[in-house]
There are 2 protein chains.
Amino acid sequence: MDKPTRTIISRRSRPAKEPLSKELIIKTALELLKSEGPSGLSMRKIAKALDTGPSSLYVYVTNLQELSAYVLDHGLGKMALPDVQEGSWKTNLFDALNSYLMVLYETPGIAELALTTIPVGPHSLALTEYILERLHEGGIRSTSAAWGVDLLLLYPASVAFEQASRNQKGSPLHALTASYQTLDASRYPLLAGLKDEMTSSGGKERFHWGLEVILQGILNKQD
Amino acid sequence: MDKPTRTIISRRSRPAKEPLSKELIIKTALELLKSEGPSGLSMRKIAKALDTGPSSLYVYVTNLQELSAYVLDHGLGKMALPDVQEGSWKTNLFDALNSYLMVLYETPGIAELALTTIPVGPHSLALTEYILERLHEGGIRSTSAAWGVDLLLLYPASVAFEQASRNQKGSPLHALTASYQTLDASRYPLLAGLKDEMTSSGGKERFHWGLEVILQGILNKQD
DNA sequence: ACCTGAACACCGTTCAAGT
DNA sequence: ACCTGAACACCGTTCAAGT
């Protein structure tokens, strides 16, 4: 996350303005994403925050898409992957994915990136590798493992993103809730009957349930 | 929902230019989304296609977000939900989700909407209700059913969206593939070993596998 | 009631020009 | 080599003004 080595440099000639760098751009972008949400992630806003023009950023970064991938990975740096020595493979797997979820909750903009950006970068890869290791320990390997990771990573991202959409005030949540309230019970009887279960985010319990479902399914399929 | 009464009007005075309407706007928007992809879904482009200014659209539609929800639902109108009389609940469930997937494949822009837009509207609701019915037939109900639908709907959308990202040429696919090729086998040994399975889209087989996993998981969890 | 022009406040990206 | 100003080609949304 932090690079404390940098602070030692401190040339006297420049008062506060650090020189531009890829690292600094990514960090600034992530801060903007945290403070302003998805719309904060714009070349122009990042440039302004760094006190330059937008064109200056293109020296360090190819385009916004690439920058977004870096920001995603940088954000994932906060994850805590549990010590392998401590618990069962399953506990560790769940804890890792929970840590992933927490990062996505904390900075909802990252959840959107996780869903729409292809995760390259060391932290994404480390998480994937970690999950593959746990699945391997649990006896799940090869194709099952490869396809399973996808499912296991997708779920937290979508849960976090849905939450984020729900918390936006201007968003279509109102439309959704309104629509569920108005639900024509004769046309959609089951949906109408389950509307409370569907609308409620469900919290930790629901998330855990989903992971269990996926994992049980994977285990079941290969026997 | 739909106002079919309108078609009867047909005044001779206007040669080809239909009068503006919510329906027409949604249809035009969907065509643009099909032909130009996600960037085609813009108020200005829709307006231009309808030979007006963007401000005219706001008479019929609150904003782009709301319009997107309508476009999503309109696109889902092409789904074919299998006749309940014919097959087992499981076959019907899989066929319905496959039909959903096909619509999303055909118009990749819709996949992105499915992932980022809260699905209100008759066709979305009909699909949800249909799935709940099949699950009910299969003995899955209440909370399991409510939470399960979420998982079952999420999966096709993400599969289609991933595919769409993969097929974009300018996209980070290159970066992904390159990154997977360059994968440091000593740092991420399992990932490196599975890179072919992970990169390949896998097609129908993989999709079916994923649905089975989710369904098996749900069935397993409630016993 | 419906439509429009023009404006406001934004975007990403490029490129010639400066230091 | 690095940075910048200015421009290009776009956005969504609003609103006074017209018919």
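Keep in mind that the numbers below use all heavy atoms, side chains included, and drop hydrogens, waters and symmetry copies. Naming convention: chains lettered A, B, ... in sequence-line order (proteins, then strands); numbering from 1 in each chain.
- Not one N or O on the side chain of Glu129(B) forms a donor-acceptor pair closer than 3.5 Å with the backbone of Arg187(A).
- Atom CZ of Arg44(B) is separated from atom P of dG12(C) by 16 Å (rounded to the nearest Å).
- One finds a side-chain N or O of Lys45(B) lying less than 4.0 angstrom from the OP1 or OP2 phosphate oxygen of dC11(D).
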Worksheet entry | Under the 3.5 Å Watson-Crick or G-U criterion, the dot-bracket string of DNA chain D, with | for inter-strand pairs | ||.|||||...|||||.||
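- In summary, Lys78(B) and Glu106(B) engage in a salt bridge, as defined by a charged side-chain N under 4.0 Å from a carboxylate O.
- Within 4.0 Å (heavy atoms only), Lys48(A) reaches no atom of the nucleic acid at all.
- Only the P atoms considered, dC10(C) is 22 Å distant from dA9(D), to the nearest whole Å.
- Annotation: of the two residues near DNA chain D, Leu57(A) and Pro54(B), the 5′-most nearest-nucleotide partner is Leu57(A).
- The backbone N or O of Ala80(B) sits less than 3.5 Å from a side-chain atom of Ser99(B), completing a donor-acceptor pair.
- The residue Ser42(A) sits close only to the backbone: its heavy atoms come under 4.0 Å of sugar-phosphate atoms, none of a base.
- Of all heavy-atom pairs between Trp209(B) and Ser144(A), the closest is CH2-O, 3.7 Å.
- The shortest distance between the side-chain N/O atoms of Tyr60(B) and the OP1/OP2 oxygens of dC3(C) is below 4.0 Å.
- No more than 12 heavy atoms of other residues, nucleotides or ligands shown are found within 6.0 angstrom of NZ on Lys27(B).
- In this entry the distance linking CG of Leu32(A) with C1' of dC11(C) reads 15 Å, nearest Å.
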